[in-house]
2 protein chains.
Amino acid sequence: MKDSNNIGLVNAAHPDRESWARPDDKLDLRLWLRLLTCSTLVENRLRTLMRNDFAMTLPRFDLMAQLASAPRGMKMSELSRSMMVTNGNITGIVDQLEQEGYVERQKVDTDRRSSLIRLTAEGRRKFRGMSRSYRAWVGELFEPLSEESRQQLFNLLGELKEAGRSASTPA
Amino acid sequence: MKDSNNIGLVNAAHPDRESWARPDDKLDLRLWLRLLTCSTLVENRLRTLMRNDFAMTLPRFDLMAQLASAPRGMKMSELSRSMMVTNGNITGIVDQLEQEGYVERQKVDTDRRSSLIRLTAEGRRKFRGMSRSYRAWVGELFEPLSEESRQQLFNLLGELKEAGRSASTPA
DNA sequence: TATTGTTATACTCTATAACTATA
DNA sequence: TATAGTTATAGAGTATAACAATA
């Protein structure tokens, strides 16, 4: 074994965002990089499928999903918080979706600065189709995990989410 | 309780990328969205810190990290695979890092099409500093998790990674 | 004064595809 | 013919900061 770059058979065979960590690195670093690898893996796959099948990007889909769960509409600031991005981004995404006819801004009486964003009928129709596929794709990707593994993973990520909440919303 | 948009106290208090899922949605969907929330949470935090403290972006740091674990250098195609992005992106990132003096391209004799990318001395120095902080930040973010939780999470994400490997490298 | 949302700016990353040099 | 890498293009997301309107 003369190759000093060798970092283990598994890593060598399947390099990924985790593979720069060494086995003797602290677990939290390796855990984070593995989390990142998993989310990149899934996101790459979903992004491609979404684009090919629906000419849709992930953030636009996410925004429509948020609205689909809020029939009364959401304010821009609420969308910003839910999607964990800054205000200006939401304006941009909503602009695009509005132009495509999937969402609409509705002025609200009680506060004339803000408006409620809602799915249009066409937006709801579009989302139903996308959502069905999205769920199926996610189902396939997670299918190899046992029900028990999924539940454990869900709970553990819940702990992590609680932990990291305080410091992580972008300005 | 007259608000039909209500999706539970926890969600209402801390909306995030997971909060459009309903409690009765399939676990795999909720699990995926929670995974996404966690990785967004951590990434947002690390991105801000990296920019503020080191004028560095996450992809550039990732690339330097890969190289730091490969003293002999890596080919562009290897970087592309490890970082799970397309070839052209790697060219762009390497170009920038080369201009900043952190990496260098070295022509290789055996195949004149390709070259080996390596950290320069300055790159190694820069990376050491960034790496120290990066590890500390990750440590803080994951600190609330017990050692056992981390280990479980690490193992479960390993399962997921194996599962999703087949279909997820971007073209 | 503080907040909601928009606008302007600039940058980074991204994929796709066409291209070159070499194998 | 196939592969390694670059270039060209276009687009999407991002943060920051300044701004207008309103609370």
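Letters A, B, ... mirror the listed sequences (proteins, then strands); counts begin at 1.
The side chain of B/Asn89 sits closest to C/dA15 out of D/dA4, C/dA15, D/dT7. Candidate nucleotides C/dT6, C/dC13, C/dA15 were compared by shortest atom distance to the side chain of A/Arg105, and C/dT6 ranks first. Looking at the side chain of A/Ser77, the nearest of the listed nucleotides D/dG5, C/dG5, D/dT16 is C/dG5. In the set C/dA15, C/dT4, C/dC13, C/dA15 carries the atom at the smallest distance from any side-chain atom of B/Thr86.
Under 4.0 angstrom from either OP1 or OP2 of D/dT16 there lies no side-chain N or O belonging to B/Arg47. At the phosphate of D/dG13, OP1 or OP2 sits under 4.0 Å from a side-chain N or O atom of A/Thr57.
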Self-check item: Protein-to-nucleotide contact annotation, 5' to 3' order, nucleotides 18-23 of chain D [B base; S sugar-phosphate only; - none; under 4.0 Å, heavy atom]
Solution: ---BBS
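A salt bridge between A/Glu100 and A/Lys126 is absent, with no side-chain N of the basic residue lying under 4.0 Å from a carboxylate O of the acidic one. A salt bridge links A/Arg105 to A/Asp95: one of the charged nitrogens lies within less than 4.0 Å of a carboxylate oxygen. Salt-bridge check for B/Asp28 with A/Arg135: failed, with every basic side-chain N at 4.0 Å or more from each acidic carboxylate O. A salt bridge is absent between B/Asp24 and B/Arg22; no separation between the charged side-chain nitrogens and carboxylate oxygens falls under 4.0 Å.
Counting non-hydrogen atoms under 4.0 angstrom, A/Arg51 reaches the backbone sugars and phosphates but no base.
In this view, A/Phe154 satisfies the ring-ring contact (aromatic ring centres under 6.0 Å, His included) rule with no residue, not counting sequence neighbours.
Comparing A/Asn87 and A/Leu58 by the nucleotide of DNA chain D that holds the closest heavy atom to each, the one mapping nearer the 5' end is A/Leu58.
Taking the six-membered ring for Trp, A/Phe127 and A/Phe61 have ring centres closer than 6.0 Å.
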